[in-house]
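These notes concern the structure reproduced below.
Everything numeric in this text was worked out from a predicted model, so none of it was measured.
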Amino acid sequence: QLEFITPFQLYFNPDLIFRKFQIWRLITNFLFFGPLGFSFFFNMIFLYRYCRMLEEGSFRGRTADFVFMFLFGGFLMTLFGLFASLFFLGQAFTIMLVYVWSRRNPYIRMNFFGLLNFQAPFLPWVLMGFSLLLGNSIIIDLLGIAVGHIYYFLEDVFPNQPGGKKLLLTPSFLKMVFDTPEEDPNYNPLPEDRPEQQPRDHDQNEQQHLQ
């Protein structure tokens, strides 16, 4: 908005990435949602709302798995972007988050601007229809739905099928960085580190010992 940089420095361009080594485009193309306007605020609200609900809901205490979903989704979208003329993938990423949340909360009733009432799994399709009404291309929305479905199937559906197994395994280095280490059940803290041992109680114990 301040014109320090332009969208031309941010958009996804495989030729500039691999030949000019402008690696930052792999990330910045997810961060641009267009100029300030209705579409921009619409995307920001949905990105914040459903990212937060996923983090505080099904990913509570699993920050590494949450980050891995970001990386997995971004990787698949980037692969698709290599074969299609897509310049910015941020909206697809938002739709992916909405799709995963909606499939994990299938019984929640939604209300879209007071006009439509529907179950949560229909939300990504309603957003796609709304995007179409605004005159936007639905390719981005379809990409987000497709990537969200792939993640949901591999993470939630396939492992629960007969003969299925968990294919998406969060790398250990992500767990080491983002997840808090488990407490050792055999760890015996020092007396001064025990919360139940107050200084006053400690002084009284010392006085009784001296007597």
Side-chain angles (χ1 to χ4, degrees), residues 1-55 59 62-101 124 127-128 131-132 134-155 158 166-181:
Q1 297 302 314
L2 299 177
E3 298 184 354
F4 291 135
I5 56 175
T6 69
F8 295 103
Q9 297 171 291
L10 308 176
Y11 78 100
F12 184 77
N13 187 320
D15 185 62
L16 294 177
I17 291 172
F18 296 110
R19 294 187 180 181
K20 300 292 185 180
F21 302 106
Q22 297 182 4
I23 307 298
W24 66 83
R25 293 178 184 271
L26 291 171
I27 299 175
T28 56
N29 78 90
F30 287 98
L31 305 178
F32 182 74
F33 291 88
L36 285 177
F38 181 78
S39 181
F40 174 84
F41 288 109
F42 187 78
N43 276 287
M44 287 296 100
I45 290 172
F46 274 80
L47 181 64
Y48 167 77
R49 176 178 172 82
Y50 291 97
C51 187
R52 176 179 177 178
M53 286 198 294
L54 277 174
E55 186 177 11
F59 285 100
R62 299 167 52 216
T63 305
D65 295 336
F66 192 52
V67 173
F68 183 64
M69 181 187 69
F70 277 41
L71 297 177
F72 177 79
F75 176 74
L76 287 186
M77 292 176 195
T78 301
L79 280 183
F80 186 85
L82 293 175
F83 304 102
S85 299
L86 300 177
F87 302 115
F88 296 102
L89 300 172
Q91 185 174 336
F93 190 84
T94 301
I95 294 294
M96 180 196 76
L97 295 177
V98 172
Y99 185 90
V100 173
W101 176 86
L127 294 181
M128 187 181 71
S131 181
L132 187 62
L134 293 178
N136 300 327
S137 172
I138 63 172
I139 299 297
I140 292 290
D141 298 80
L142 287 174
L143 175 59
I145 289 173
V147 172
H149 182 73
I150 291 172
Y151 177 83
Y152 171 74
F153 178 81
L154 294 178
E155 181 71 12
F158 184 68
K166 188 174 175 64
L167 298 178
L168 296 181
L169 301 175
T170 304
S172 56
F173 77 91
L174 286 179
K175 292 186 176 183
M176 206 164 57
V177 172
F178 292 103
D179 288 348
T180 55

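Ionic pairing of Glu55 and Arg49 is not present here: no N-O contact between side-chain nitrogen and carboxylate oxygen is shorter than 4.0 angstrom.
Sorted by first and then second residue, the pairs that involve residues 72-98 and meet side chain to side chain donor-acceptor pair (under 3.5 Å), not counting sequence neighbours, are Gln91-Asp141. Applying the salt bridge (charged side-chain N to carboxylate O under 4.0 Å, His left out) rule to pairs touching residues 26-43 yields nothing, sequence neighbours excluded. Listed by first then second residue, pairs satisfying salt bridge (charged side-chain N to carboxylate O under 4.0 Å, His left out) with a partner in residues 19-38 read Asp15-Arg19, not counting sequence neighbours.
In Phe38, the CZ atom is crowded: over 12 heavy atoms of neighbouring residues, nucleotides or ligands sit closer than 6.0 Å.
Atom CG in Asn13 sits 10.5 Å away from atom CZ in Phe18 (nearest 0.5 Å). Met44 CE to Ser39 OG: the interatomic distance, rounded to the nearest 0.5 Å, is 9.5 Å. To the nearest 0.5 Å, atom CG of residue Asp179 and atom OG of residue Ser172 are 11.5 Å apart. Atom CG of Leu89 is separated from atom CG of Leu143 by 6.5 Å, given to the nearest 0.5 angstrom. In this structure, Arg52 CZ and Leu54 CG are separated by 12.5 Å, a value rounded to the nearest 0.5 Å. Taking CZ from Arg62 and CZ from Phe66, the interatomic distance works out to 10.5 Å, rounded to the nearest 0.5 Å.
Pairing each heavy atom of Pro124 with each of Val98, the nearest pair is CG-CG1, 4.2 Å. Closest non-hydrogen pair, Val100 versus Gly148, comes out as CG2-O, 3.9 Å.
Although no hydrogens or angles enter the test, the distance criterion places no donor-acceptor pair under 3.5 Å between the side chain of Asn43 and the main chain of Phe40. Counting only distance, with no hydrogens or angles, the side chain of Trp24 and the backbone of Ile17 share no donor-acceptor pair below 3.5 Å. Within the 3.5 Å criterion, the main-chain N or O of Thr6 finds a donor-acceptor partner in the side chain of Gln9.
Classification of the Tyr152-Tyr99 ring pair by plane angle, with boundaries at 30° and 60°, yields perpendicular. Taking the six-membered ring for Trp and thresholds of 30 and 60 degrees, Tyr151 and Phe72 have ring planes inclined between 30 and 60 degrees apart.
Two rings, from Phe32 and Phe88, have their centers less than 6.0 Å apart.
By the 4.5 Å heavy-atom criterion applied to side chains, Met96 and Met77 are counted as neighbours. Residues Phe70 and Phe93 meet the side-chain proximity criterion, which asks for heavy atoms closer than 4.5 Å. Contact annotation: the side chain of Leu79 approaches that of Phe75 to within less than 4.5 Å [non-hydrogen atoms, C-beta and beyond]. Looking at Asn29 and Tyr11, their side chains never come closer than 4.5 Å, going by heavy atoms from C-beta outward. Between Leu10 and Phe87, every side-chain heavy-atom pair lies at or beyond the 4.5 Å cut-off.
With sequence neighbours left out, the side-chain contact (heavy atoms from CB on, under 4.5 Å) criterion links Thr170 to Ala64, Asp65, Phe68, Leu174, Lys175. Residues meeting the side-chain contact (heavy atoms from CB on, under 4.5 Å) test with Ile138, sequence neighbours left out: Met128, Leu132, Leu142. Leu169 pairs by the side-chain contact (heavy atoms from CB on, under 4.5 Å) definition with Lys166, not counting sequence neighbours.
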*Criterion side chain to side chain contact (heavy atoms under 4.5 Å, CB included) on Ile95 and Phe46, from CA distance to verdict*: CA-CA 9 Å; Ile95 294 294; Phe46 274 80; over 6 Å; no
